[in-house]
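No experiment lies behind these values; they were computed from the predicted model shown. Below, each value reflects all heavy atoms present in this structure, side chains not excepted, and no hydrogens, waters or symmetry copies. Starting from 1, each residue takes its place in the sequence as its number.
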Amino acid sequence: EKMATLRNHMQAFLVGGISALAFGYYRVHQDVWSSAALVEKRIHELGRETVATQTAFEARVAALEKELSRLKAAVGLAQHEQQGLVEG
């Protein structure tokens with residue numbers, strides 16, 4: 001009878017342990033999938049932010065290049081006129 005009681009206690013312990021492990025596995029599994037979804041969402045958002053930033057950056061660079069070309073042309077014209085005055 002003592003062995004039967006010990007066996008019953010061991011079975012109850014094993015059933016409880018297996019149940020706890022199964023529940024823990026389920027929770028960890030859900031957390032992993034949830035975290036993966038959040039990471040994927042954030043990566044997608046970062047991609048959109050990067051594209052928007054890159055577009056704004058390219059627009060600024062284009063404007064600066066246009067202004068630089070305009071200034072180079074003005075300086076070149078001024079130098080050409082100055083050379084004409086010196087020679088003439």
Side-chain angles (χ1 to χ4, degrees):
E1 187 172 311
K2 202 171 190 182
M3 289 299 281
T5 305
L6 182 61
R7 187 177 324 127
N8 284 340
H9 288 292
M10 185 61 78
Q11 284 176 342
F13 174 75
L14 289 175
V15 168
I18 290 170
S19 298
L21 285 172
F23 180 73
Y25 173 78
Y26 173 77
R27 291 293 302 197
V28 167
H29 187 263
Q30 294 299 316
D31 285 347
V32 167
W33 281 105
S34 175
S35 296
L38 290 173
V39 167
E40 187 174 327
K41 179 182 174 189
R42 185 61 187 140
I43 287 172
H44 182 70
E45 289 172 357
L46 283 172
R48 282 187 296 165
E49 290 172 12
T50 301
V51 168
T53 302
Q54 183 70 21
T55 302
F57 179 72
E58 288 175 357
R60 290 178 63 195
V61 168
L64 288 171
E65 287 175 342
K66 184 177 178 182
E67 181 68 14
L68 182 62
S69 294
R70 189 186 69 74
L71 290 173
K72 281 183 177 180
V75 168
L77 181 61
Q79 286 177 347
H80 183 68
E81 287 176 353
Q82 189 178 29
Q83 286 175 356
L85 290 175
V86 171
E87 291 176 4

Practice prompt. For E40, look at atom CD and say whether over 12 heavy atoms of other residues, nucleotides or ligands are found less than 6.0 Å away.
Written response: no

Worksheet item: Are K72 and E65 close enough for a salt bridge, meaning some N to O gap below 4.0 Å?
Response: no

Worksheet item: Do the non-hydrogen side-chain atoms of M10 and L14 ever get within less than 4.5 Å of each other?
Response: yes

Discussion item. Do H29 and W33 have side chains that approach each other closer than 4.5 Å (heavy atoms only, starting at C-beta)?
Written reply: yes

Worksheet item: Does a side-chain heavy-atom distance below 4.5 Å link Y25 with L21?
Response: no

Discussion item. Donor-acceptor pair, distance only, cut-off 3.5 Å: does the side chain of S34 make one with the backbone of Q30?
Written reply: no

Discussion item. To the closest 0.5 Å, what do you measure between OG1 (T50) and CZ (R48)?
Written reply: 11.0 Å

Worksheet item: Counting heavy atoms not belonging to R60, are there more than 12 under 6.0 Å from its CZ?
Response: no

